[in-house]
Amino acid sequence: MAEKLPASLEKLNTEEYLLNMGPQHPSTHGVLRIILKLDGEVIKDVVPVMGYIHRGMEKMFENRKYDQIIPFTDRTDYLSAVNNNFAYVIGVEKLLGVVVPERAEYLRVILAELNRIMSHLLWLSAYGMDVGAFTPLLYIFREREEIIAMFELITGNRLTHNAFRLGGFKYDVPKTFFEKLEKFISHFADNLDEYETLLINNVIFKSRTVGVGVITKALALSYGVSGPSLRGSDIKMDVRRDTPYSAYSKFVFEIPTGKNGDTWDRCEVRMNEMRQSLSILQQAMQGFPQGDIMAKIPKIIKPPAGEVYTAVEGPRGEVGFYIISDGTEKPYRVKMRVPSFSNLSALKDMTVGFKIADVVAIMGSLDLVIPEIDR
Amino acid sequence: MTPVEILEKIKTKFPGVASTEAFGILNMETEQNKLRPLLVFLRDELNFDFMNFMTGVDRPTENIIEVVYQLFSFTTKASIVIRVKLDRTKPEIETVSDIYRTAEWHEREAAEMFGIVFLNHPDPRILLLPENFKGQPLKKDFRHPNMTPLPEVK
Amino acid sequence: MLKYIKDIITGAITLLEGMAITFKYMFQKPITLQYPEQKAQMTTRFRGRLVMPVDEEKGDNRCTACNICVKACPNYSIAVERLTDETGKPKPKAASFTYNMGTCMFCNLCVEVCPFSAIVMSEEYELAVYDRKSLIKDLVAEKYKLKGRKGKWWISKFKDEEQV
Amino acid sequence: MTAFMQFLKDLLYDSGKAFGLIYDGGHKIWAGFNLPPLTLDIIFLLIAAACAAAFIAINALFIIWFERKISARMQLRRGPNRVGIFGIFQTVADTIKLLIKEDITPKAVDKLAFFLGPLLVMTSTFMVFLVMPFGKGLIAADLNIGVIYILAVTGLTVLGLLCAGWGSNNKYSLIGGMRSAAQIVSYEIPNVLVMLTIVLLSGSMKLGDIIAAQPTVGYVWMQPVAFIIFLIASNAEINRGPFDLPEAESELVSGFITEYSGMKFAFFFLAEYTNLFIAGALGAVLFLGGWTGPVLPPFMWFMIKSYFVVFLLMWIRWTFPRIRVDHLMEFAWKVLIPIALLNLVVTAFVIKFH
């Protein structure tokens with residue numbers, strides 16, 4: 001402001017104040033704490049504080065045998081347990097030099113894509129809650145329940161499946177699974193369109209998300225943002241396409257991207273991703289091969305000394321495992337590369353200048369899972 | 001770009017960088033003071049624009065702590081691992097958080113887990129551990145009073 | 001001005017579309033499962049808590065106290081003690097099979113490695129108790145009988161499911 | 001006997017006449033005891049107030065149940081179905097729970113403001129019932145400035161919410177209180193403009209006259225735009241979704257009611273749902289012809305129409321996401337007020353030259 005204000009106005013002392021969002025807050029999706037510096041309703045600064053559920057996973061891995069680690073990976077990102085298993089399992093298999101039978105590869109892809117849809121559905125419902133629409137949650141949970149039932153059929157658990165084993169699967173698929181999958185595929189696309197009309201294309205929703213939380217291409221790359229959050233910024237990066245793992249090179253699918261890198265783009269990318277997952281599911285179901293479900297692997301797993309980094313495309317982004325083996329039964333060091341960790345680190349550059357309600361919308365669009373960040 | 005081509009390009013600029021290849025990923029070792037120029041070179045000239053992660057590895061038998069940087073190129077789809085060996089008694093290294101922004105948090109994590117000091121780090125607070133926690137838990141010789149040894153099974 | 005009016009009209013249309021969807025759903029059947037009265041049907045592979053069912057032919061459990069499950073457990077929630085005869089020589093029989101449900105991850109690894117099919121994950125899922133001590137159970141002393149199942153059903157349960 | 005039947009019939013269909021009989025009879029008997037008539041008037045007034053309070057309580061119990069059932073139906077759920085038939089007594093059980101709960105007053109609160117908040121909110125909602133025409137003659141006082149009275153009294157709610165927000169000494173509550181003040185003040189204006197159109201059409205501010213002046217189908221067919229604006233603005237004024245910013249639970253936890261518990265919390269809850277009913281009733285009176293209608297008693301018609309508007313508001317609430325605070329203001333000042341003004345001007349012209 002160029003001109004000098006009158007003395008009576010200058011005395012007016014406005015204060016910025018700190019607002020503690022979390023660790024117990026309905027929309028931080030877990031025990032994440034965010035310290036907001038507010039000027040009225042406008043955000044001046046954001047500092048995420050975390051570690052409230054740090055369990056020392058990486059230390060635990062060093063004291064477990066290779067096959068015992070798999071159930072622990074479920075518990076980092078509990079919404080995409082299969083994708084975490086996937087990243088770890090293909091890493092150890094690479095170290096061992098095991099070739100997984102094709103049937104197991106296909107089943108892995110099916111489970112991973114189902115898991116992705118399940119996770120995105122939960123994101124969509126929770127995001128609806130974040131922006132104040134309660135009703136979509138209950139519609140979406142119907143579909144999610146169907147997927148969970150399928151997982152229960154194959155693995156026996158609903159959320160932390162412990163689905164994969166080194167070398168494939170312990171048990172083959174039950175017959176009823178494909179009937180259920182077919183039924184799910186037949187109606188899911190229609191329901192997805194309905195949710196898009198109900199929530200994503202709603203004018204209130206659009207006004208809350210378009211142009212909010214913009215992150216540029218260069219900044220997103222530099223922050224290591226991955227997954228749909230990165231693709232929202234018009235970067236066609238997808239581990240499934242860039243470094244194909246398992247059977248992904250056999251399927252035809254597109255990588256949806258956004259244009260502006262704002263919150264609405266990230267939402268739209270996720271919606272389109274579910275459609276792509278559906279098409280992968282269809283392809284995998286049609287081409288599902290016969291044969292073994294488990295490769296021959298040694299009874300005691302002792303990979304040769306060496307190190308490997310394997311990553312898969314999880315629902316939230318790149319899930320990676322950096323495994324160092326020293327030739328014993330237990331890994332020397334396991335580092336988890338978790339997508340939410342990097343995604344959250346970009347929060348400050350997205351939120352400053354927006355309002356409290358936008359913080360909730362932006363965090364929701366990043367699809368954070370806190371146990372994954374803390375590990 | 002194949003790993004060999006990348007290697008040749010790097011060798012011309014930075015002679016004396018030891019490297020091996022494992023599972024299709026280039027594994028490169030460099031020195032403490034060459035790390036930052038190397039990363040800048042990789043980012044600007046070879047398009048390694050994405051840092052997957054960085055972390056530490058404790059190796060008490062060799063008395064070193066390794067710092068590992070994994071980079072990925074979105075344009076060429078190549079990956080590279082860069083490792084720097086630090087003295088275990090006094091692990092110090094320059095921060096790279098201004099080259100790759102994601103390194104800021106990863107470095108904070110590595111600092112508290114391994115006791116590595118990142119010089120010139122913009123925000124050197126602890127990240128995940130409780131505030132009054134003593135020790136660096138991911139070091140191999142870390143012991144905590146509440147730790148109970150795992151039962152031996154015959 | 002035209003854009004202003006157009007925005008209002010398109011906005012109103014999206015709102016009405018949304019309202020039509022909720023109105024449509026008002027006349028659909030609720031999907032609620034009235035929990036305590038109605039219960040969900042568990043699948044064959046469902047992983048409830050660990051049990052050691054009584055083999056009716058043998059009249060006892062099938063455990064030989066070989067400790068393989070103990071080694072397989074990632075969380076060390078199983079401890080097995082062997083039965084000894086009068087001379088102190090160990091017999092292939094478990095004296096006690098201590099299972100700590102508080103640390104169990106329900107990962108099924110112990111069941112998969114068991115060479116004698118002595119243990120299995122049951123279909124129970126209401127596992128909450130008031131006391132932490134009652135989470136630790138001795139499965140040998142429990143003499144569990146699988147409910148509604150006959151004979152050695154659990155041994156062949158995966159074969160019972162028709163495979164593709 | 002026939003006189004009694006006639007009295008009963010009057011009580012249902014022409015309550016003013018029946019109450020007049022009671023009033024006159026009461027005064028005759030009272031005069032026999034040689035007591036001043038003023039005391040009897042006060043007693044009658046107290047009885048009327050007690051009736052209104054009882055109505056608020058029972059109606060709130062029902063409306064909460066109604067909302068829970070409606071939302072459940074929309075969300076493929078069953079809603080309350082454990083206490084009583086169709087769970088109709090669920091709210092009663094909830095109220096009993098709230099009554100026996102500990103009433104926590106946090107240490108750092110401004111005690112006076114903290115206590116005054118729910119009281120003011122409740123009082124202002126209660127006062128509206130003075131002019132609410134429940135049926136033919138079933139009205140406490142048909143003031144000739146009825147519409148203005150309603151606007152003035154409902155505006156008082158802001159004070160209560162601000163008191164609650166400020167007094168709670170909680171940052172979330174403060175933001176919630178401030179938001180509600182801004183919101184209610186802004187949305188008062190389109191509401192006034194819409195009511196002004198109705199006043200222009202009917203030529204009176206007395207609610208009884210407005211009802212009488214309406215054609216049997218109500219003003220809604222003549223003023224559809226005004227009706228929609230009324231729905232939006234009154235929905236915003238009673239702080240319900242998609243305008244529930246002051247208590248947005250995903251942003252501000254619960255806004256100004258974060259620190260309240262027990263009976264004070266119940267007061268806010270009661271006020272919210274009573275306000276919902278008032279919005280519905282006003283909609284019925286101003287646009288749907290109030291208590292007029294065939295066959296059924298006027299009171300029934302009034303309730304049916306009110307609940308229809310209430311249902312519309314619930315439908316809106318359970319469909320849409322929450323609007324953002326700056327969009328809320330923009331919407332009021334840039335969309336609603338211009339349209340309402342235009343509507344008013346057009347109406348005025350049509351009336352003048354028709």
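Computed from a predicted structure; not experimentally measured. Chain letters run A, B, ... following the sequence lines, proteins first, then strands; residues in each count from 1.
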So which part of A:Arg64 gets closer than 4.5 Å to some heavy atom of chain B, the side chain, the backbone, both or neither?
side chain
What part of B:Glu104 gets closer than 4.5 Å to chain A, counting heavy atoms only: side chain, backbone, both or neither?
neither
With rounding to the nearest 0.5 angstrom, report the CE to CD distance, B:Met113 to A:Glu58.
7.0 Å
Among A:Ser226, A:Ser342, A:Ser222, side chain to side chain contact (heavy atoms under 4.5 Å, CB included) partner for B:Phe50:
A:Ser226
Please state whether the side chain, the backbone, both or neither of A:Leu344 comes within less than 4.5 Å of a heavy atom of chain B.
both
Atom of B:Lys140, atom of A:Glu62 and distance for their closest heavy-atom approach:
NZ-OE1, 3.2 Å
Side chain from CB out, backbone as N, CA, C, O: work out which of these in B:Arg59 comes under 4.5 Å of a heavy atom of chain A, or both, or neither.
both
Name the region of A:Val47, side chain, backbone, both or neither, that has any atom closer than 4.5 Å to a heavy atom of chain B.
side chain
Between A:Tyr309 and B:Phe53, what is the ring plane arrangement, given parallel below 30°, perpendicular above 60°, and tilted in between?
tilted
Identify which part of A:Asn63 has an atom lying under 4.5 Å from any heavy atom of chain B, answering side chain, backbone, both or neither.
both
Honestly, the part of A:Ile373 sitting under 4.5 Å from a heavy atom of chain B is backbone
Okay, B:Ile126 and chain A: the region with an atom under 4.5 Å from a heavy atom over there is neither
Considering only heavy atoms, which portion of A:Val338 lies under 4.5 Å from any heavy atom of chain B: side chain, backbone, both, or neither?
neither
Proximal component of A:Glu318, with respect to chain B [non-hydrogen, under 4.5 Å]
side chain
Salt bridge flag under 4.0 Å for residues A:Arg333 and B:Glu66:
no
Look at the side chain of A:Lys335 and the backbone N and O of B:Thr55, then say whether any donor-acceptor pair between them is shorter than 3.5 Å.
no
Heavy-atom pairs under 4.5 Å with chain A are the metric here; pick the option from B:Ala103, B:Ser97, B:Gly56, B:Pro130 that has the most.
B:Gly56
Can you tell me which portion of B:Asp58 sits under 4.5 Å from chain A's heavy atoms? Options are side chain, backbone, both or neither.
backbone
